Amino acid sequence: MTTNRRTALVTGGSRGIGKAICERLAADGINVAIGYNRDTETAEKLALELREMGVEAAALQGSVENLYEVKKVFKQVNELFGGLDILINNAGITADKTLIKMERETWMRVIQINLFGTYHCCREALPGMLAQGYGRIINVSSIIGLTGNIGQSNYAASKAGVIGFTKSLALEVATKGITANVVAPGFIATEMTKKIPPKIYRKIEESIPMKRFGRPEEIARLVGFLASDKSDYITGQVYGINGGLYM
Ligand code: NAP
């Protein structure tokens, strides 16, 4: 399956923001490995859709919190695509509770997937990127990593961690042709925000200066730019994309 096109791995690529990123990258002529955890049918359907757009695509199962599974995914990427140029760490979850009610398990699950997952994938991607002298790493954080939020101390800690992690990584690889940046979305209409009770949803909408939730494609356009050769001189940056909610 190897071609001269660049190859991207998008974790959590099967739906929501990740799916929009996969579609954006494919539209830009980039081969896409779709990382997912549970929903094989949805991921395979997307892989078919991307292949119909003219690029190579594969759905690869593995939980990002598990280093063994991440290694398996990277092995498959190398076998199928011959290497990796672009890594989008998008897989993420929420498990909301105020701190007084938050057991260690709930804390750990979010940190394991959102922060350890990002570390695992970057760690596995780096040797190949260093060897080829080229790489684009885009880590998806959140507005909550910048502002904090009631009931989201685990999520906020994981997403703030992603920011500090990415800046450190950007410094370490700055002379190696590899850039590392963060995208920090505000409230975006996906399965994740469908969990918000309607009354609170409307309140959030009202508080956003643009008076609406963002669309996954709007995040994908920014990621597409950062993943391209046009973003050569940009590294260690945090891009808010939130309808004006946080400036
Ligand atoms: P989503 O619709 O819930 O999709 C989450 C994706 O992550 C799915 O593809 C899911 O795959 C995958 N995933 C979950 N756990 C995983 C694991 N352990 N290993 C590998 N993949 C896993 O979420 P979304 O709203 O698109 O969010 C995407 C990213 O944007 C997340 O990092 C989120 O924190 C961030 N974000 C979202 C918003 C928002 O308002 N939606 C705002 C700011 C930041 P399976 O279904 O196969 O498990």
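Keep in mind that what you see is a predicted model, and the values were worked out from it rather than measured. When a ligand or atom number is given, it counts from 1 through the structure's own listing order. Positions are given from 1, in the same order as the sequence printed here.
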Task: Ser142, any N or O under 3.5 Å of ligand 1 N or O - done: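 No, there is no polar N/O contact under 3.5 Å.
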Open item on the list: Polar contacts were defined as any N/O atom of the residue lying under 3.5 Å from an N/O atom of the ligand; does this apply to Thr193 and ligand 1?
Closed with: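 Among all N and O atoms of Thr193, none is under 3.5 Å from an N or O of ligand 1.
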Among the heavy atoms of [X], does any lie under 4.0 Å from an atom of ligand 1?
X      : value
Tyr155 : yes
Gly117 : no
Lys159 : yes
Gly186 : yes

May I ask you to identify the nearest protein heavy atom to [atom], giving residue, atom name and distance to one decimal place in Å?
atom                    : value
atom 30 (O) of ligand 1 : Val140 CG1, 3.4 Å
atom 7 (O) of ligand 1  : Gly12 CA, 3.4 Å
atom 48 (O) of ligand 1 : Arg38 NE, 3.2 Å
atom 44 (C) of ligand 1 : Ser141 O, 3.2 Å

Task: Nearest-0.5 Å distance that lies between atom CG in Leu60 and atom CG in Leu9 - done: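 So the CG of Leu60 and the CG of Leu9 are separated by 7.0 Å.
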- [ ] Measure the CD1-CZ distance between Ile196 and Arg202 for me, rounded to the nearest 0.5 Å.
- [x] 12.5 Å
Under 4.0 Å, heavy atoms only, figure out whether ligand 1 is touched by the backbone of [X], its side chain, both or neither.
X      : value
Ile93  : side chain
Lys19  : neither
Asn37  : both
Thr190 : side chain

Task: Any donor-acceptor N/O pair, Asn242 side chain to Gly244 backbone, under 3.5 Å - done: yes
Task: Aromatic centroids of Phe213 and Tyr201 separated by under 6.0 Å - done: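 Yes, they do, as the ring centres are separated by less than 6.0 Å.
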Open item on the list: Which of the numbered atoms in ligand 1 are under 4.0 angstrom from any heavy atom belonging to Arg15?
Closed with: 1 (P), 2 (O), 3 (O), 4 (O), 8 (C), 9 (O), 10 (C), 45 (P), 46 (O)
TODO: Any salt bridge (Lys or Arg N to Asp or Glu O under 4.0 Å) involving residues 87-96? Give me the pairs, sequence neighbours left out, ordered by first then second residue.
DONE: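 Residue pairs passing salt bridge (Lys or Arg N to Asp or Glu O under 4.0 Å), neighbours aside: none found.
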